[in-house]
Structure formats: structure tokens, C-alpha cells
2 protein chains.
Amino acid sequence: MTDSVKLIKVRESIQADNDQQAQDLRKELKARKTLLINLMSSPGAGKTSLLLQTTGRLKDEYRMAVIEADIDSTVDAQRLADSGVEAIQLQTDGFCHLDVPMVQQGLDSLDTHVLDIIFIENVGNLVCPAEFDTGAALDVMILSVPEGDDKPLKYPLMFSKCDALIVNKTDFLGTPLTDFDLELLEKRVRKLNREIRIFPLSSRTGEGIKAWTDWLATMAAEHNT
Amino acid sequence: MTDSVKLIKVRESIQADNDQQAQDLRKELKARKTLLINLMSSPGAGKTSLLLQTTGRLKDEYRMAVIEADIDSTVDAQRLADSGVEAIQLQTDGFCHLDVPMVQQGLDSLDTHVLDIIFIENVGNLVCPAEFDTGAALDVMILSVPEGDDKPLKYPLMFSKCDALIVNKTDFLGTPLTDFDLELLEKRVRKLNREIRIFPLSSRTGEGIKAWTDWLATMAAEHNT
């Protein structure tokens with residue numbers, strides 16, 4: 001554990017075979033019994049808050065680290081480091097997604113052999129990150145209630161490729177501030193992805209978080225044995 | 001006015017001189033007295049709702065149209081067409097931003113000579129659209145309260161290049177659902193862009209919209225004479 005943030009300015013890879021590299025990285029991390037999870041969402045959907053809640057609840061059972069990606073700044077990595085989680089900040093310098101060589105630069109700064117779970121907090125963007133395999137074993141996305149229930153219609157690739165969907169900020173449901181329809185959302189998502197796991201929760205109140213962390217624990221047990 | 005939606009599937013331009021084309025388009029639209037406005041935000045920040053409010057309030061004074069860009073679907077253009085606004089839907093087929101040739105494909109479907117104001121609703125993304133000049137005379141972004149007041153730290157280019165920032169969903173302020181600090185946000189934005197106009201408003205309640213539409217009217221008067 002560390003309370004300081006390591007900052008890496010990544011450069012875009014010129015290698016075209018990102019998919020092959022992703023497969024190789026997945027195999028390597030499987031052999032090391034390290035579960036790599038790629039977390040994606042729009043800006044402000046709550047990736048960092050969810051990671052704070054998640055690592056806070058699992059810290060006694062798992063050794064974890066977070067690779068944060070942002071165009072600029074180290075605020076997210078600093079929030080995590082302040083909570084006692086090892087956090088690496090990748091600055092993507094204008095690139096709108098992470099690819100395998102960028103993720104590898106983050107992993108190279110971590111002692112992956114002793115880590116059970118590594119989270120990637122991808123760049124806040126529902127478009128480009130969906131198109132690039134990071135080498136993660138699991139792709140997880142967050143949609144927050146204030147964004148609206150029409151997002152599967154507009155960003156279908158993201159919803160199609162993820163293993164789990166977190167519907168965050170459920171404390172907004174039932175207020176006059178939003179007409180978000182959770183059932184309609186689930187129907188739209190299932191049309192794109194029948195197998196996806198859906199976890200409605202609120203990182204702010206903690207409601208629903210346990211179902212998500214229980215699933216994560218099952219995934220880690222399956223992957224790391 | 002039309003109540004049907006024209007759908008165009010755009011292809012990415014291979015021309016490298018997007019900036020030159022943007023300057024040419026700006027000059028051409030200035031000569032035609034048509035104000036082109038490029039509206040950008042994260043997914044779900046409220047671009048379409050704001051356009052519905054804006055065109056609804058200005059429809060007696062200005063002839064307007066909207067060019068909608070989405071990865072997929074025609075839902076946004078349909079909402080506008082249903083309200084009586086001429087709307088062209090560009091499907092960007094995975095591209096995460098608009099460039100000038102894509103915008104030109106939308107303009108080619110409109111009778112620009114009779115239009116006073118054309119809005120571009122760019123792809124929902126705070127990263128890539130900031131990097132591509134569309135040829136618009138004005139760049140406007142929306143940040144919605146639920147996204148958080150830290151976004152200028154993380155997406156500085158978008159805040160740096162815009163002429164106006166709309167802070168949408170102000171009806172969330174002062175509720176226990178958010179700790180968004182409008183003063184702090186403004187301070188962070190001004191560090192990046194001293195001249196930017198900031199309009200806090202709620203498209204849902206209508207609060208604050210008038211200041212925005214008054215400014216638009218002033219901009220149209222300046223541009224189109």
C-alpha cells in the first residue's frame with residue numbers, strides 16, 4: 001500500500017495487433033492469478049466513487065490496486081491513494097481510450113504477482129473505450145440514472161461487450177428529478193446482451209453494493225484458482 | 001419544417017486539412033448569414049432537451065434546424081422532429097466525433113440559405129469532439145450537475161475551447177443527491193477560459209433558460225447582419 005500516486009504519461013501504441021496482445025495479457029494474468037477488470041462509463045457516472053466503495057469493502061480479503069486513466073490531472077488516483085489503495089495514474093494526453101500497451105505501462109509499475117484484483121478506470125467515454133480490448137478478464141460499465149434510460153439505443157457497442165452493467169445513483173430514482181425507467185433500461189440492455197449481469201446500486205448510500213461485491217468475489221474465486 | 005427525420009450514415013474523411021475546411025465553412029456560413037453552433041457534452045447531460053427548449057422559445061423569431069450526430073439510432077432527431085424542428089440525423093458508425101466533411105453532409109441536406117441558426121448536436125463525448133473543429137461559429141458545451149464539479153480538471157481542452165458553458169440540471173443543486181459546488185466549478189472553468197460565458201439552467205424546469213436564449217439572440221444578431 002502507498003499513499004502517493006505514481007504518474008505515467010502514456011503514448012499511443014503504433015502496434016496494430018492490439019487484439020493479439022490483449023489475448024496474451026489475459027493468459028499471462030490468468031496464470032498469475034490476478035483478475036484484471038476494465039471499468040468504463042461516461043464522465044461523472046461514478047467510477048471512482050464505486051472503486052472507493054468496492055476496495056473499502058473487499059480490502060480485508062483481497063490485495064487490490066487501481067490503474068486510473070485520465071486525459072489530465074491526478075485527482076481520481078489521489079482520492080484512491082488517500083483511502084489506502086495503491087493507485088497508478090496514466091495520463092493519456094488527449095487519447096480517448098486505453099489499449100493494451102498503455103495498460104501494460106500501468107501494470108509494469110505494479111507488483112502483479114502479489115495482487116488478486118486490479119481495476120482499470122478507463123477514460124470517461126462511452127464510445128472509444130468500447131472498441132479497444134484492454135486485456136482485462138472482465139469488462140464492466142457504469143450507467144448512472146441521471147444520464148437517462150435511452151443510452152443502450154445510442155451506445156450499443158458498450159452495452160454489448162460488457163460482462164456487467166452497474167446502474168449507479170439509484171438514489172435518484174423515484175425523485176421528480178428524473179423519469180429514468182429501470183425496467184425499460186433492462187429490457188433495452190437485454191436486447192443487446194442477454195448474459196450481462198445488472199447491478200442497480202448507489203455508491204453514495206451503499207444500497208445495492210453488496211450484490212456487486214459478492215459477484216466480484218465469485219469472479220475472483222473462479223479466475224484466481 | 002418537417003416531421004420526418006432524414007438519416008445519413010457518414011464516413012470519416014480522409015482529408016487531413018480539417019482546420020482549413022473549417023475556416024472555409026465558417027466564412028461561407030457568415031456570408032450566408034447562418035449561425036452554426038456546435039453543442040457538445042457527455043452522454044445524458046441534456047443536449048436534446050436543451051435544444052427542444054431553445055428551439056421552442058426562439059421559433060417565432062428564427063428559422064432553425066438541428067444536425068444530430070449519434071453512433072446509432074434516430075431517437076434524438078425524432079424527438080426534435082416531433083416538436084416541429086427540422087432535424088437531420090447523422091449516424092457516425094463508431095466515430096466518436098464530427099469533422100467538417102461530416103457536418104457538410106448534414107448541411108447539404110438543409111436549405112441553409114433560409115436558415116438563421118443551425119445547431120449541431122455532436123456525439124456525446126467530452127474528449128474527441130473537443131479536438132475537431134466543425135466549422136461552427138460558436139462552440140457550446142453542457143456540463144450537468146450530476147456529473148460533478150471536477151470535470152474541468154479532467155477534460156480541460158473541452159472547457160478551454162468553448163465560447164459558452166451551460167451548467168444543466170441545476171434543479172439537482174441543494175438536494176442531498178449531489179455535493180456539486182457551482183462557485184468552485186466556475187473558478188475551475190475560469191482558470192482554463194477567462195472569457196467563457198456560463199449559463200446555469202434547468203431544461204426540465206425552465207429556470208435560467210432565458211439568459212441563454214437572450215445570449216443566443218445577441219450572437220445571431222451579431223453574426224447574421
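Note on naming: letters A, B, ... go to the chains in the order of the sequence lines (proteins, then strands), and numbering restarts at 1 for each one. Quick caveat, the model's predicted, so the values are computed rather than measured.
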Taking the side chain as everything from C-beta on, heavy atoms only, tell me whether [X] gets closer than 4.5 Å to [Y].
X	Y	result
B/Lys154	A/Asp76	yes
A/Leu177	B/Lys169	no
A/Cys128	B/Cys128	yes

Which portion of [X] sits near chain B, non-hydrogen atoms under 4.5 angstrom:
X	result
A/Asn125	side chain
A/Leu157	neither
A/Tyr155	side chain

Winner by heavy-atom pair count (cut-off under 4.5 Å) against chain A, out of B/Gly148, B/Ala130, B/Ser202, B/Pro156: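 So the answer, after comparing B/Gly148, B/Ala130, B/Ser202, B/Pro156, is B/Pro156.
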Picking from B/Gly46, B/Ala45, B/Pro176, B/Ser144, which has the most non-hydrogen pairs under 4.5 angstrom with chain A? B/Pro176
If you look at every heavy atom in B/Ser73 and A/Leu153, which pair is closest and at what distance?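 The answer is CB-O, 3.3 Å.
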Heavy-atom pairs under 4.5 Å with chain B are the metric here; pick the option from A/Pro146, A/Ser42, A/Pro43, A/Gly124 that has the most. A/Pro43
Segment of B/Thr205 engaging chain A (4.5 angstrom heavy-atom cut-off):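 The answer is neither part of B/Thr205.
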Nearest 0.5 angstrom please: B/Ile71 CD1 to A/Met158 CE, how far? 10.5 Å
